[in-house]
Undergrad: 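I have a structure I would like to understand better, so I am pasting it below and will then ask my questions one at a time.
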Amino acid sequence: MDFNLKKLTSDAGVFFTRAVQFTEEKLGSAEKTELDAHLENLIARADCTKNWTEKIFRQTEVLLQPNPIDHTGARIEEFFYEKLDKKIPSRTTNGELLGQYMLDAAKDFGPGTPYGSTLITVGEYQSRLGGAEREFLQTSAINFLTPLRNFLEGDWRTISKERRLLENRRLDLDICKARVKKAKQAEAKAAAEQELRVAQTEFDRQAEVTRLLLEGISSTHVNHLRCLHEFVEAQATYYAQCHQYMQELQKELSSANSDTYPNSFASNAKPSTSATCPSPVSSATLPGVSPPCLASSSTPGIAQEPSGQLKIQDVQQPSTGHRKAKVLYDYDAHDTSELSLLADELITVYTVPGMDPDWLVGERGNQKGKVPVTYLELLS
């Protein structure tokens with residue numbers, strides 16, 4: 001007990017001495033040993049890495065699980081499972097839950113009715129979408145979130161501990177330097193110099209340990225880069241699955257509707273307009289941006305062939321009113337009256353009286369044809 005009391009008293013004295021040294025440094029009344037520039041740069045880089053890793057980690061959690069309260073405190077549940085070192089159970093996604101509700105509703109409404117059979121079809125695809133989402137969440141958690149968490153809770157804690165120890169060694173070194181300056185008697189000065197040499201050795205050793213840990217941040221960046229690629233790959237796979245499922249669902253619903261209500265759908269169709277939308281995936285389109293859907297229709301006020309196609313050869317470029325335009329997306333002409341486009345190319349465009357405002361006449365060299373306005377960026 002006596003030993004512990006002495007140690008406690010000694011630790012308290014050291015803490016007080018360091019606090020006094022730190023305060024005097026802040027007030028400018030005591031000298032401070034500066035770290036070398038390389039070590040300072042490593043510390044700044046490590047702090048930047050920690051701050052942004054933490055922000056990316058938290059926001060990725062929000063992206064993957066926007067509202068954990070809906071899942072009865074899912075994140076709190078995950079926290080307890082992590083502390084108990086047990087595997088987190090697979091959780092039903094909102095899509096799977098919606099699909100199950102639709103299937104249950106179809107049983108009550110009657111699977112043989114139009115509404116009931118459609119609920120079954122949509123419910124099955126919602127369950128598939130939910131399953132794809134669950135797989136994406138699991139893959140992202142393992143390949144992306146876990147490495148970021150391991151850095152924040154493992155490597156960074158070790159770095160922080162060694163940095164605090166380095167700061168203490170620096171304070172001890174500066175305290176010893178001050179004692180040497182204040183010593184008047186030769187014996188006291190010799191003792192202070194001996195303490196200074198020991199403090200300098202401990203400071204140098206701790207600075208080297210800290211430097212080696214901080215240089216490991218480069219390896220952390222490499223690891224997080226690989227994890228980032230895996231996260232994007234998982235996202236691409238997930239969105240591709242969703243796109244495929246929705247296309248299949250639309251085809252099934254379209255087929256079912258045409259069989260169930262053939263006359264109704266035919267009477268509501270517009271004979272002069274067909275909705276078309278180019279493929280959202282193109283090497284020339286911007287990442288994550290799908291080209292706008294178009295409605296191709298006949299152009300009033302322009303000479304028409306019996307089939308309804310524009311006689312491009314009869315259209316002349318006006319002397320004024322024509323402009324240059326940059327093509328935003330690839331476009332494949334649907335007939336001979338239209339002009340195919342390539343993203344980023346420049347063409348000349350103009351309008352003619354009575355022409356559909358959604359279309360312009362475009363020219364590229366000797367080629368001429370209708371082009372959709374939504375695919376162009378008009379230049380001054």
Side-chain angles (χ1 to χ4, degrees), residues 41-68 71 74-75 78-79 81-82 85-96 125 127-160 211-248 278-291 328-330 342-344:
N41 290 334
L42 289 176
I43 290 175
R45 184 166 178 252
D47 287 336
C48 182
T49 300
K50 182 261 181 182
N51 292 335
W52 283 113
T53 300
E54 196 168 42
K55 289 181 180 179
I56 292 172
F57 175 80
R58 299 303 175 198
Q59 192 57 38
T60 304
E61 276 191 326
V62 173
L63 173 69
L64 299 180
Q65 196 172 316
N67 190 2
H71 293 297
R75 287 186 190 156
E78 291 176 359
F79 172 79
Y81 272 101
E82 288 174 2
D85 197 20
K86 291 186 177 181
K87 183 180 179 181
I88 301 174
S90 179
R91 189 176 294 108
T92 302
T93 62
N94 290 326
E96 291 174 314
Y125 276 95
S127 297
R128 295 184 191 178
L129 290 170
E133 180 186 4
R134 176 159 40 79
E135 184 177 350
F136 165 61
L137 295 180
Q138 292 174 347
T139 302
S140 299
I142 295 172
N143 295 339
F144 189 60
L145 283 181
T146 298
L148 298 186
R149 183 189 293 110
N150 290 342
F151 167 73
L152 294 171
E153 297 181 357
D155 296 349
W156 183 252
R157 288 184 179 179
T158 301
I159 292 174
S160 300
R211 181 185 64 79
L212 292 174
L213 285 174
L214 293 174
E215 287 177 347
I217 293 293
S218 297
S219 299
T220 299
H221 285 191
V222 173
N223 181 41
H224 289 181
L225 174 61
R226 177 182 58 81
C227 296
L228 184 61
H229 278 281
E230 293 179 355
F231 175 62
V232 173
E233 195 67 32
Q235 274 188 313
T237 301
Y238 168 58
Y239 292 134
Q241 285 180 323
C242 292
H243 180 67
Q244 177 185 351
Y245 290 151
M246 292 309 300
Q247 281 191 321
E248 293 175 359
S279 172
V281 181
S282 172
S283 59
T285 59
L286 294 175
V289 179
S290 299
L328 299 177
Y329 316 100
D330 289 349
L342 293 175
D344 297 329

Undergrad: Are the side chains of W156 and T53 in touch, meaning some heavy atoms are under 4.5 Å apart?
TA: no

Undergrad: In Å, rounded to the nearest 0.5 Å, how long is the span from CZ of F57 to OG1 of T146?
TA: 8.0 Å

Undergrad: Angle class for the F136/Y239 ring planes (parallel below 30°, perpendicular above 60°, tilted otherwise)?
TA: tilted

Undergrad: Testing the basics here: between T139 and A234, what is the closest heavy-atom pair and its distance to 0.1 Å?
TA: CG2-CB, 3.9 Å

Undergrad: How long is the gap from CD on E133 to CG on L64, to the nearest 0.5 Å?
TA: 9.0 Å

Undergrad: What closest approach, in Å, do A132 and Q241 show between heavy atoms, and which atom pair accounts for it?
TA: CB-OE1, 3.3 Å

Undergrad: With a sphere of 6.0 Å drawn around CD of E215, does it hold more than 12 non-hydrogen atoms of other residues, nucleotides or ligands?
TA: yes

Undergrad: State the CG-CG distance between L129 and N94, to the nearest 0.5 angstrom.
TA: 12.0 Å

Undergrad: Which atom names give the shortest non-hydrogen contact between R45 and S218, and what distance separates them?
TA: NH1-OG, 3.1 Å

Undergrad: In Å, rounded to the nearest 0.5 Å, how long is the span from NZ of K55 to CG of L148?
TA: 15.0 Å

Undergrad: Would you call I217 and H221 a side-chain contact if the rule is heavy atoms closer than 4.5 Å?
TA: yes

Undergrad: Answer yes or no: is there a side-chain heavy-atom contact under 4.5 Å between I56 and F144?
TA: yes

Undergrad: Shortest non-hydrogen contact from A46 to L214?
TA: CB-CD2, 3.6 Å

Undergrad: On a heavy-atom basis, which atom in R211 and which in L42 lie closest, and how many Å separate them?
TA: CG-CD1, 3.8 Å

Undergrad: Should E61 and R149 be marked as a side-chain contact (heavy atoms from CB on, under 4.5 Å) after you check the CA-CA gap, both sets of side-chain angles, and the distance that decides it?
TA: CA-CA 11 Å; E61 276 191 326; R149 183 189 293 110; 4.1 Å; yes

Undergrad: Would you compute the distance between atom CZ of R128 and atom SG of C242 and round it to the nearest 0.5 angstrom?
TA: 12.5 Å

Undergrad: Which pairs would a plain distance check flag for residues 222-232, meaning a side-chain donor or acceptor within less than 3.5 Å of a matching protein atom at least two apart in sequence or in another chain?
TA:
from, atom 1, to, atom 2, distance (Å)
N223, OD1, R226, NH2, 2.6
R226, NH1, E230, OE2, 3.1

Undergrad: Let me confirm one number: the CG-OG distance from D155 to S160, rounded to the nearest 0.5 Å.
TA: 10.5 Å

